[in-house]
Amino acid sequence: MNSNPGPNVHFPSLSTPARRTLLALTCAAIGLSLAGCASTPEGEPVHGKDRLLSFLAAKDGRKVAIVGENYHYVFDGDPSVAALLRWDGRTKVTPALLGEFRVARNQSFEGQYVLLAFDADLTPEDRTFLIQTGFAKTEVKYGDRTGPALRYFGTVYGKRYEAVPLKSGDKVDFSRRQYLNYVEQETLSAPFSKAAPSPLVYADDGSMLLGGVPVRVVQGGTDYSCRAGFMGMCFYK
């Protein structure tokens with residue numbers, strides 16, 4: 001927030017209608033509507049966190065779900081990530097969420113993530129595969145490790161759904177409690193819509209489906225106690 005409000009402006013000689021007209025023109029000039037400029041928003045951003053229980057991917061790679069205790073966050077599979085999930089060396093890659101997921105009134109969301117793999121853990125074939133998948137060379141410090149690594153940044157756009165209970169076999173064995181942080185963006189003209197039921201459902205045979213497609217639990221990542229501040233989520237096989 002700007003701590004310097006600027007000079008006070010007075011309109012002692014203007015009539016009430018004239019002041020309203022001037023205010024409307026001022027708002028228009030800075031790209032705001034009169035309602036947004038002259039009134040208080042109907043809601044303020046709400047920051048919260050959701051305990052993570054699992055990370056699931058449809059076997060065809062088209063959909064991915066981050067499963068929280070309160071909500072399920074479903075998004076389209078990134079082709080590079082889909083290839084990574086099918087890779088036998090995926091346990092050499094550590095995933096992390098960056099910052100907060102931004103949730104809109106209609107329950108759509110946007111979020112960022114990073115994937116990291118240290119060169120020391122990779123074979124020449126591993127490095128070739130990751131670079132072809134979209135990873136880039138970098139130097140990082142992660143926990144007590146410093147050195148060359150490969151890193152991949154991505155953005156996800158998806159929909160947030162109401163959570164359903166998971167069986168223990170469909171949960172990730174996290175090294176410690178992990179949370180997804182989110183911010184529900186302020187509402188200027190309407191309340192938040194209720195989250196729809198999750199597309200994650202159990203079939204009659206007990207297997208889990210995502211949008212009708214069988215899923216698998218994504219296990220991966222090397223746990224170095226997650227001491228780096230930007231690594232908000234790490235889990236292991």
* To do: Please tell me if the side chains of Leu130 and Leu122 come closer than 4.5 Å, counting only heavy atoms from C-beta onward.
  => yes
* Salt-bridge criterion met for Glu184 and Arg160 (N-O under 4.0 Å) -> yes
* Looking at Glu69 and Leu53, what are the two nearest heavy atoms and their distance? -> CA-CD1, 3.9 Å
* **Main-chain N/O of Lys167 paired with Tyr202 side-chain donor or acceptor, under 3.5 Å** => yes
* Asked: Do the side chains of Arg51 and Arg177 get nearer than 4.5 Å, heavy atoms only?
  -> yes
* **Thr128 side chain vs Pro124 backbone, donor-acceptor pair below 3.5 Å** => yes
* Asked: Is any side-chain heavy atom of Asp119 closer than 4.5 Å to a side-chain heavy atom of Arg127?
  -> yes
* By side chain to side chain donor-acceptor pair (under 3.5 Å) - contacts of Tyr73 (at least two apart) -> Asp50
* Structure fact -> Output for pair (Lys49 NZ, Asn181 CG), nearest 0.5 Å, gives 7.5 Å
* Structure fact -> With sequence neighbours left out, the residues meeting salt bridge (Lys or Arg N to Asp or Glu O under 4.0 Å) with Arg102 are Glu110
* Asked: Do the non-hydrogen side-chain atoms of Lys137 and Ile131 ever get within less than 4.5 Å of each other?
  -> yes
* Asked: How about Ile66 and Leu52: do any of their side-chain heavy atoms sit closer than 4.5 Å?
  -> yes
* Nearest atoms (heavy-atom pairs only) where Ala163 meets Gly68 -> CB-O, 3.9 Å
* Does some side-chain heavy atom of Lys159 sit less than 4.5 Å from a side-chain heavy atom of His72? -> no
* Give the intermediate values and the outcome of side-chain contact (heavy atoms from CB on, under 4.5 Å) for residues Phe129 and Asp126. => CA-CA 5 Å; Phe129 170 79; Asp126 292 339; 5.8 Å; no
* Backbone of Leu200 reached by a side-chain donor or acceptor of Ser198 within 3.5 Å -> yes
* To do: Could I get the full list of salt bridge (Lys or Arg N to Asp or Glu O under 4.0 Å) partners for Lys63, not counting sequence neighbours?
  => Asp76
* To do: Specify the closest pair of heavy atoms between Tyr71 and Ala195, including all atoms of both residues, with the distance to one decimal.
  => CE2-CB, 4.0 Å
* Asked: Should Trp87 and Val172 be counted in the same cluster of Ile, Leu, Val, Met, Phe, Trp and Tyr side chains packed under 4.5 Å apart?
  -> yes
* Asked: Quick one: salt bridge (charged side-chain N to carboxylate O under 4.0 Å, His left out) pairs with a partner in residues 205-215, sequence neighbours left out?
  -> none
* Structure fact -> Smallest heavy-atom separation, Glu139 atom then Gly147 atom, equals OE1-C, 3.2 Å
* Asked: Where the side chain of Arg216 meets the backbone of Ala58, is there a donor-acceptor pair that is under 3.5 Å apart?
  -> no
* Asked: Looking at side-chain heavy atoms only, is the closest gap between Phe101 and Leu97 below 4.5 Å?
  -> yes
* Heavy atoms, side chains only, cut-off 4.5 Å: are Val164 and Pro197 in contact? -> no
* To the nearest 0.5 Å, tell me how far Ser54 OG sits from Met208 CE. => 8.0 Å
* Which residue pairs pass the ring pair (Phe, Tyr, Trp, His ring centres under 6.0 Å) test when at least one of the two sits in residues 144-170, sequence neighbours left out? -> Phe135-Tyr152
* Test log, rule side-chain contact (heavy atoms from CB on, under 4.5 Å), inputs Leu84 and Val93 -> CA-CA 9 Å; Leu84 187 67; Val93 176; 4.2 Å; yes
* **Counterpart residues, salt bridge (Lys or Arg N to Asp or Glu O under 4.0 Å), relative to Asp170 (two or more places apart)** => none
* Path from Leu166 to Val217 over hydrophobic side-chain contacts below 4.5 Å -> yes
* Structure fact -> All heavy atoms of Ser193 vs all of Gln107, minimum pair found to be O-NE2, 2.8 Å
* **Audit row: Leu150, Thr138, side-chain contact (heavy atoms from CB on, under 4.5 Å) steps and yes/no** => CA-CA 6 Å; Leu150 295 176; Thr138 186; over 6 Å; no
* Shortest non-hydrogen separation from Leu116 to Arg151 and the atoms involved -> CD1-CB, 4.4 Å
